Amino acid sequence: MALAMEISTMAQAMQLHARLLKSGQEDPTHFQNLSKLFTFSALSPSGDLTHARHILTNLRTPNSYYYNTMIRAYSDSPDPARSITLFLSMHCRREEQHGVVVPGPDKFTYPFVLKACSKLRNTQMGKQIHGLILKSGLISDRYVNNALIHMYAGCGDSGLALKVFDEMSERDVVSWTSMIDGFVDNNRPIEAIKLFELMMESGVDPNEATLVSVLRGCADTGALSIGKKVHSFVKEKDLSMKANVGTALIDMYAKCGCIDDARRVFDETMDKDVYAWTAMISGLASHGLSEEAMEHFELMKSCNVKPDERTMTAVLSACRNAGWIGKGLYHIRSMKKYKLRPTIQHYGCIVDTFVRAGQLDEAEQFIRKMMPIDPDVVLWRTLLWGCKVHGDVERSKRLLKDVELLKMDSRDCGSYILLGNVYAATGNWKEKAKMRELMNQRELVKTPGSSRIEIDGNVHEFTAGDSRHVEAEHIYAKLNEMEENVRREGYDPKVSEVLLEIDDDEKASQLLHHSEKLAVSFGLIKTDPGTAIRIVKNLRSCEDCHSFMKLISKLYQREIIIRDRIRYHHFKDGECSCGDRW
DNA sequence: TTAGGGTTAG
């Protein structure tokens, strides 16, 4: 016991360990202490992995617990590759220093090393380890399978993740959650929501993690009614107080256009941390409520919650949406105070603020002279987009020469398309044609715009020019009919009747979604603003949509709210709250 | 042992 009390620092432990090794004595108390110290240094957030590794290296008879714990610690560290290296030494039963034989991997080893593969997005290694698991006979282990799902999804292959999930004989809540989360992370939120529903039908009780994942899926698709159902579930189970679920709810409501509900959840959330505050600030900012967003930021600081990089992005985007250049500059400078280093996103917000205010000179100077880091394609594209909007042909020509956007990221179709548009705006049709040709040569497929809409709890997804939806024929027929009406008579109020008819007969027809046709927006007229927001959320041709909404709000004398990529637009009597900068 | 909240632009 005396010995146990003695060992309280790593140095003492090392010393004693060396002494004991030398004398050949083995004191069980000592090893118990060493094990405790090892676990502490490997697993506590303040732990020192070099110490833990040192202990492991010097053990005479290391058991798999030590190795597994070390692999686990490495997989959570900033350098997960070490986790794989150590795993390989276990796999090869490689002898470490002092002739110590390394234990082989067991069912605890695999989940940790798979996590490292996921973090490194190393599918190849993940697949090889999957092979080893098959050979080892551990493939029926639930934990191992759950980790495999997570690994494949984390590496961007939700198909393989689903294969593992499907082939599992016994699934638990973690299996379901990992798969749901994997779908969300791989931009398949509709499948995520469907799987969640299937999970409920199967009688598996979701936990907080599941709810958080499915709420993220709802936020991505605008699936408000499912989000609301989840919220009721949260209330029933009395989970709403938890900050993680609260944050997911705030984000979901804000992204579905229900800022009041977001505020309500925020007020109910106990122990608001930086995540919850950031979700609220960013939601307010995207709803054009910049003043309130800044008030929340001040309030957050007065509650002793320190902002992080993401909070600052939300704050800067509030400044951007309000057109506050001075404030934006003030806040990006203030980041130093919080020991935060501005990233390209933060600088991007500032450049965008200049661009939106039409201060293209300032924007360019800022990129060239004020930024301590190299600008990326997105930044140059923001400026180029500004040239197009503000008709600064000379600058765009100069930028095209100087910046060589295409070389910076030759796989990014957005640049080609924007450049093509700029050339077209300057009347340079030859160059525009060249862009198209270049895209073809490099075999770039134009990423189509896509949007999703929820009807009666089902989320439908559409891709521009896509005709795979089961009701596609009807939908496109109606779209064409409406488009014809518009073309013939300007705006035709009969359109709303057509829509009502569609609404009664076939629900699917609300899914008027995007093609880059104006007709897209018609579906909003007889639906609530929340639906309107959700439909146009991903619209590409915002300019068309914007002018169309002005027309509709005037004709129908009602308020319409839509959201483009940056903010919400409130149309009243044909005027938009954003000051109509289109 | 495994899963889990907030960011911009396009």
Side-chain angles (χ1 to χ4, degrees), chain A residues 43 64-65 68-69 71-72 75 106-115 118 141-151 153-154 161 172-182 184-185 206-216 219 242-252 254-255 262 266 269 272-283 285-286 307-318 320-321 343-353 355-356 376-385 409 412-415 417-418 447 449 538 540 542 564-566:
Chain A
L43 299 184
S64 57
Y65 168 77
N68 292 341
T69 307
I71 289 174
R72 174 184 177 187
S75 74
D106 59 19
K107 65 174 182 174
F108 296 95
T109 321
Y110 290 107
F112 299 135
V113 70
L114 286 170
K115 191 176 185 181
S118 164
D141 186 83
R142 214 175 55 224
Y143 285 77
V144 171
N145 274 290
N146 290 346
L148 278 170
I149 295 172
H150 183 241
M151 183 275 292
D172 60 11
V173 63
V174 180
S175 326
W176 287 93
T177 305
S178 302
M179 198 57 241
I180 291 169
D181 205 58
V184 177
D185 280 343
N207 61 17
E208 280 169 40
T210 325
L211 300 177
V212 165
S213 297
V214 75
L215 282 171
R216 286 175 56 219
K242 293 271 178 75
N244 55 354
V245 181
T247 304
L249 277 168
I250 293 164
D251 190 48
M252 183 277 293
K255 288 195 175 137
F266 179 74
T269 304
K272 300 177 184 67
D273 57 11
V274 66
Y275 288 80
W277 283 101
T278 305
M280 194 63 241
I281 293 170
S282 133
S286 73
D308 67 8
E309 279 87 356
R310 289 180 177 207
T311 320
M312 296 312 294
T313 310
V315 167
L316 291 177
S317 73
R320 184 241 325 266
N321 293 349
T343 64
I344 198 88
Q345 283 98 333
H346 301 104
Y347 291 114
C349 278
I350 300 288
V351 170
D352 213 18
T353 317
V355 165
R356 278 166 188 272
D376 66 355
V377 203
V378 178
L379 264 191
W380 287 118
R381 213 157 59 186
T382 305
L383 186 55
L384 203 57
W385 175 80
D409 185 354
D412 176 22
C413 345
S415 300
I417 291 164
L418 178 59
T447 316
N538 290 317
R540 293 275 150 163
C542 293
D564 65 20
R565 284 201 153 64
I566 297 159

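A, B, ... follow the sequence lines: proteins, then strands. Residue 1 opens every chain. The model shown is predicted, which means the values in this text are computed figures rather than measured ones.
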Cation over ring face, A/Lys272 and A/Phe266, 6.0 Å, 45°: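 Yes; both conditions hold, so A/Lys272 lies above the ring face of A/Phe266.
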
Separation between CZ of A/Arg216 and CD1 of A/Ile180, rounded to the nearest 0.5 Å: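 Going from the CZ atom of A/Arg216 to the CD1 atom of A/Ile180 covers 11.5 Å.
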
Which whole-number value in Å describes the distance from [X] [atom1] to [N] [atom2]?
X        : N     : atom1 : atom2 : answer
A/Asn68  : B/dT2 : CG    : P     : 11 Å
A/Asn244 : B/dG6 : CG    : P     : 10 Å
A/Leu211 : B/dG4 : CG    : C1'   : 10 Å
A/Met179 : B/dG4 : CE    : P     : 13 Å
A/Trp176 : B/dT2 : CH2   : C1'   : 17 Å
A/Ile180 : B/dG4 : CD1   : C1'   : 11 Å
A/Asp251 : B/dG4 : CG    : P     : 16 Å
A/Leu379 : B/dA9 : CG    : P     : 12 Å

Salt bridge (charged side-chain N to carboxylate O under 4.0 Å, His left out) partners of A/Asp172, counting only residues at least two apart: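 Scan of A/Asp172 (salt bridge (charged side-chain N to carboxylate O under 4.0 Å, His left out), adjacent residues dropped) gives A/Arg142.
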
Ignoring hydrogens and angles, are the base of [N] and the side chain of [X] linked by a donor-acceptor pair under 3.5 Å?
X        : N     : answer
A/Asp273 : B/dG5 : yes
A/Thr311 : B/dG6 : yes
A/Asp308 : B/dG6 : yes

Kindly point out which of [options] is positioned nearest to the side chain of [X]?
X        : options              : value
A/Pro111 : B/dA3, B/dT2, B/dG5  : B/dT2
A/Asn146 : B/dG5, B/dT2, B/dT8  : B/dT2
A/Arg216 : B/dA9, B/dT1, B/dG6  : B/dG6
A/Asp181 : B/dT2, B/dG10, B/dG4 : B/dG4
A/Arg356 : B/dA3, B/dG5, B/dG10 : B/dG10
A/Val174 : B/dA3, B/dT1, B/dG5  : B/dA3

Distance-only side-chain donor-acceptor flag, A/Asn146 / A/Ser178, under 3.5 Å: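 Absent: no donor and acceptor within the cut-off.
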
Between A/Thr247 and A/Asn244: side-chain donor-acceptor atoms closer than 3.5 Å: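 No donor-acceptor contact under 3.5 Å links the two side chains.
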
Would you say a side-chain N or O of [X] is under 4.0 Å from OP1 or OP2 of [N]?
X        : N     : result
A/Lys255 : B/dT7 : yes
A/Arg320 : B/dA9 : yes
A/His150 : B/dT2 : no
A/Lys115 : B/dA3 : yes

Exam field: side chain A/Asp106 to backbone A/Thr109, donor-acceptor pair closer than 3.5 Å: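 Indeed, once roles are kept as given, a pair shorter than 3.5 Å links the two residues.
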
Looking for any heavy atom pair under 4.0 Å, which part of the strands does [X] touch: base, sugar-phosphate only, or nothing?
X        : result
A/Val144 : nothing
A/Phe112 : sugar-phosphate
A/Asn207 : base
A/Thr278 : base

B/dG6 pyrimidine/purine six-ring stacking with A/Tyr275, under 5.5 Å and 30°: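 It does not: the two rings, one from A/Tyr275 and one from B/dG6, miss the stacking criterion.
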
Stacked pair A/Tyr143-B/dT1, distance under 5.5 Å, angle under 30°: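 Aromatic stack with B/dT1 present for A/Tyr143.
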
Minimal non-hydrogen separation, A/Pro206 against A/Val173, with atom names: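 Nearest pair, atom of A/Pro206 first, then A/Val173: CA-CG2, 4.2 Å.
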
